Amino acid sequence: MAAPGRGGGGVSAPAAPRQGEAVTLDITSVASGGEGVGRSGDLVVFVPGAVPGDRVRARIAQMRPRYARADLLTVERPSPDRRPPPCPVWQRCGGCPLMPLSPAAQRRHKRARLIEALARIGGIAGVEVEEVLAAPAGPAGQPDLAYRAKAAMPVAAGPQGPIVGFYGRGSHRLVEASACPVTHPLARRVVAAVRDSLAPAGLAPYDEATGRGEVRHIVVRVGVGTGESMAVVVTRSPRPPGLDRLAEEVTARLADLTCLAHSVQPEATNRILGRGPARVLAGRDGIRERVGPLTLHLSPTSFFQVNPAAAEVLYARAVAELGPAGAGTVVDAHAGVGAIGLWAVAAGAERAVGFETVAAAVADARRNAAMNGLSAEFSLGPAEILYRRRWPAGEGPDAVVLDPPRAGCPSALLEGLRSAPPARLVYVSCAPETLARDLARLTAGGRFRLERVVPVDLFPQTAHLEAVAVLRRDR
Ligand SMILES: C[S@@+](CC[C@H](N)C(=O)[O-])C[C@H]1O[C@@H](n2cnc3c(N)ncnc32)[C@H](O)[C@@H]1O
């Protein structure tokens with residue numbers, strides 16, 4: 001069999017390692033999944049648990065035609081950027097693969113990954129990629145910890161009752177993580193109160209293996225700027241007995257909980273919240289959060305950023321980048337609860353036009369426009385259809401902000417933007433790889449010019465990176 005990752009030319013490269021073989025690797029970068037990346041000859045090797053700057057010994061666990069995965073055996077020479085990870089279960093949990101690196105080094109390597117993805121996938125080189133922006137230090141002085149205002153924690157049976165945590169990397173094995181240091185302290189308190197209320201309410205954790213039990217996840221969201229809090233209990237069946245008792249137990253433990261809701265998720269999939277609306281069991285129908293000039297209502301099933309302090313930095317920059325075009329009509333193409341479009345209006349835009357596919361989020365966005373006294377119109381539906389319906393061809397709106405899920409923008413939306421281009425286009429992305437692909441399509445043939453890319457560290461300790469790409473209509 002030809003060695004994986006080889007060119008097949010006449011110059012002989014060192015033999016590729018075989019499955020099960022131990023190799024020594026210098027780790028030079030971070031992969032999108034957070035693994036350390038090194039090379040053995042010309043074979044790219046991904047090593048979970050290794051970080052850039054490490055020299056490691058690792059055993060090849062999986063051979064693929066163009067790369068390999070290896071299990072870390074020992075760190076022979078630690079990276080100068082290593083520090084003791086501030087979480088006892090970071091290695092088993094797997095949610096924070098960059099935790100062994102100092103925050104400054106994490107940001108350096110994330111920026112390098114963004115530059116690499118732009119070049120490799122988008123063919124984009126030489127564009128200005130700014131240093132990674134981060135949230136300012138909060139009262140606790142640690143912007144990189146305790147930032148997570150939202151967490152969706154699976155529930156499982158433990159030796160002394162239900163436990164909550166996160167699934168270990170690539171598995172459905174729950175790692176107890178109720179003390180997760182990346183999660184906001186109020187969110188941790190809420191999850192613990194709901195967890196401790198399950199047994200007295202007679203609600204057992206759902207067991208995937210046997211199909212027995214009810215409770216799949218506890219989803220928590222807190223308003224960092226308001227102190228409000230909300231929990232959603234996700235069950236397998238629509239009306240399991242015990243929900244009323246659960247509400248009593250939770251409110252007895254947490255008198256200041258703002259909203260307790262119930263969502264039904266019967267599918268055997270990784271989906272967390274059910275497809276239907278969540279039903280309020282106690283308190284109000286959501287919470288409020290403050291970001292920049294806005295107070296936002298967030299209902300149980302609407303998307304909102306997990307790190308509000310860093311989101312504020314992101315939104316402020318995205319809106320500032322709209323420039324003079326941002327004084328006219330601003331389209332918020334993936335609006336969520338309306339944060340970016342409404343912020344643009346608060347900053348001087350005439351009005352926001354928002355598109356969004358989740359009905360509860362559209363309702364929140366309309367409520368948020370009214371609550372903040374801002375001129376905006378939000379429609380339910382996919383941006384790729386609604387944009388083209390409104391601006392079929394020719395003159396586009398003054399400015400458009402894109403903020404799609406990780407999969408990026410469908411071709412129909414990119415084509416719509418090319419045939420009715422706005423003067424200014426700001427693309428907020430949570431996935432450098434799809435950002436690179438979409439920027440290549442938008443700039444093809446000179447329709448838009450990419451001016452700069454501004455990375456923002458919305459998810460410290462993880463490999464995720466948010467970025468704001470700024471484009472101007474060229475012709
Ligand atoms: C990454 S979130 C951004 C939300 C918002 N801009 C914010 O910062 O809170 C992406 C949003 O796009 C919505 N969405 C997904 N597909 C969509 C589509 N085809 N058209 C419009 N919105 C969509 C999701 O429901 C989600 O609210």
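All figures in this text were calculated on a predicted structure; none of them were measured in a lab. Both counts, for ligands and for their atoms, begin at 1 and track the order of listing.
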Q | Residue part near ligand 1, for Pro410, under 4.0 Å between non-hydrogen atoms | A | neither

Q) How does Cys430 reach ligand 1, by side chain, by backbone, by both or by neither, if only non-hydrogen atoms under 4.0 Å count? A)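 Neither part.
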
Q) Do any nitrogen or oxygen atoms of Tyr315 lie less than 3.5 angstrom from nitrogen or oxygen atoms of ligand 1? A)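 Yes, since at least one N or O of Tyr315 sits under 3.5 Å from an N or O of ligand 1.
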
Any idea which atoms of ligand 1 are less than 4.0 Å away from a heavy-atom of [X]?
X	value
Gln305	7 (C), 8 (O)
Pro382	18 (C), 19 (N), 20 (N)
Ala333	21 (C), 22 (N)

Q. Do Gln106 side-chain atoms and Gln461 backbone N/O form a donor-acceptor pair below 3.5 Å?
A. yes

Q. Non-hydrogen atoms of Ala339 versus ligand 1: any pair closer than 4.0 Å?
A. no

Q.
Is Pro405 close enough to touch ligand 1? Criterion: a residue heavy atom under 4.0 Å from a ligand atom.
A. yes

Q.
Side chains of Glu214 and Ser237 only: does a donor on one sit below 3.5 Å from an acceptor on the other?
A.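 Yes.
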
Q.
Within the 3.5 Å criterion, strictly below it, is a donor on Ser263 or Gln265 matched to an acceptor on the partner's side chain?
A.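 No pair is found: no donor N or O on one side chain lies under 3.5 Å from an acceptor on the other.
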
Q. Nearest to atom 16 (N) of ligand 1 by heavy atom, Asp403, Val362, Thr357: which?
A. Thr357

Q.
Tell me whether Asp196 at atom CG has more than 12 heavy atoms from other residues, nucleotides or ligands lying less than 6.0 Å away.
A. yes

